[in-house]
Amino acid sequence: MNVDRTVHLMAGLMVLLSIALAHFFNPAWLWLTAFVGANLAQSGVTGFCPLAFMLKKAGVKEGSCCS
C-alpha cells in the first residue's frame, strides 16, 4: 500500500469512527470529523498533508492512489 491510499484509508476510517462514537457515546466526537475535514481541505489547498509526511518518513512507498 502506498502513501496516497493509506492517507485516504485513514481519513475514511477516522470519519466513520467519529460518527460511531458520536452516535453511541457523545455528540462531541463529531469534532473529530470536523478536524479530519479541515485537514483534508487544508491539504488540498496547500499540498501539505501531515499524515503523508509522517508516512514518508516511516518509509512507506510513494505512488499514485489510482495505479
Side-chain angles (χ1 to χ4, degrees):
M1 192 174 282
N2 60 37
V3 170
D4 290 345
R5 291 183 71 175
T6 304
V7 168
H8 290 155
L9 175 65
M10 290 303 298
L13 289 175
M14 292 305 292
V15 168
L16 291 173
L17 175 66
S18 67
I19 291 171
L21 288 169
H23 178 75
F24 291 110
F25 296 105
N26 187 335
W29 279 104
L30 292 175
W31 284 106
L32 179 58
T33 301
F35 174 76
V36 172
N39 193 305
L40 288 170
Q42 172 278 137
S43 174
V45 171
T46 65
F48 174 73
C49 176
L51 178 58
F53 177 77
M54 289 185 280
L55 289 170
K56 289 175 190 174
K57 288 285 185 183
V60 177
K61 67 178 179 170
E62 295 186 50
S64 172
C65 69
C66 303
S67 60

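All residue numbers in this chain count up from 1 along the given sequence.
Cluster membership check: Met10 does not share its hydrophobic cluster with Val15, using side-chain heavy-atom separations under 4.5 Å among Ile, Leu, Val, Met, Phe, Trp and Tyr. One hydrophobic cluster holds both Phe24 and Ile19 under the rule that ILVMFWY side chains link at heavy-atom gaps under 4.5 Å.
When every heavy atom of Asn2 is checked against every heavy atom of Glu62, the shortest pair comes out as CB-C, 4.1 Å. Of all non-hydrogen atoms in Val7 and Leu55, the two that sit nearest each other are CG2-CD1, 4.1 Å.
Listed by first and then second residue, the salt bridge (Lys or Arg N to Asp or Glu O under 4.0 Å) pairs that reach into residues 17-46 come to none, sequence neighbours excluded. Applying the side chain to side chain donor-acceptor pair (under 3.5 Å) definition to pairs two or more places apart or across chains, those involving residues 41-57 are Gln42-Thr46. Residue pairs meeting the salt bridge (Lys or Arg N to Asp or Glu O under 4.0 Å) criterion with at least one member in residues 15-44: none, sequence neighbours excluded.
Applying the 4.5 Å side-chain rule to ILVMFWY residues, one finds that Val45 remains a lone member of its cluster. Here Met1 sits in one hydrophobic cluster together with Leu9, Leu13; the rule is ILVMFWY side chains under 4.5 Å apart, joined directly or through other members.
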What side-chain donor-acceptor pairs closer than 3.5 Å can you find for residues 25-40, not counting sequence neighbours?
unit_1	atom_1	unit_2	atom_2	d
Asn26	OD1	Ala28	N	2.9
Thr33	OG1	Ser18	OG	2.2

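Interatomic distance, NZ of Lys61 versus CZ of Arg5, reported as 9.0 Å (0.5 Å rounding).
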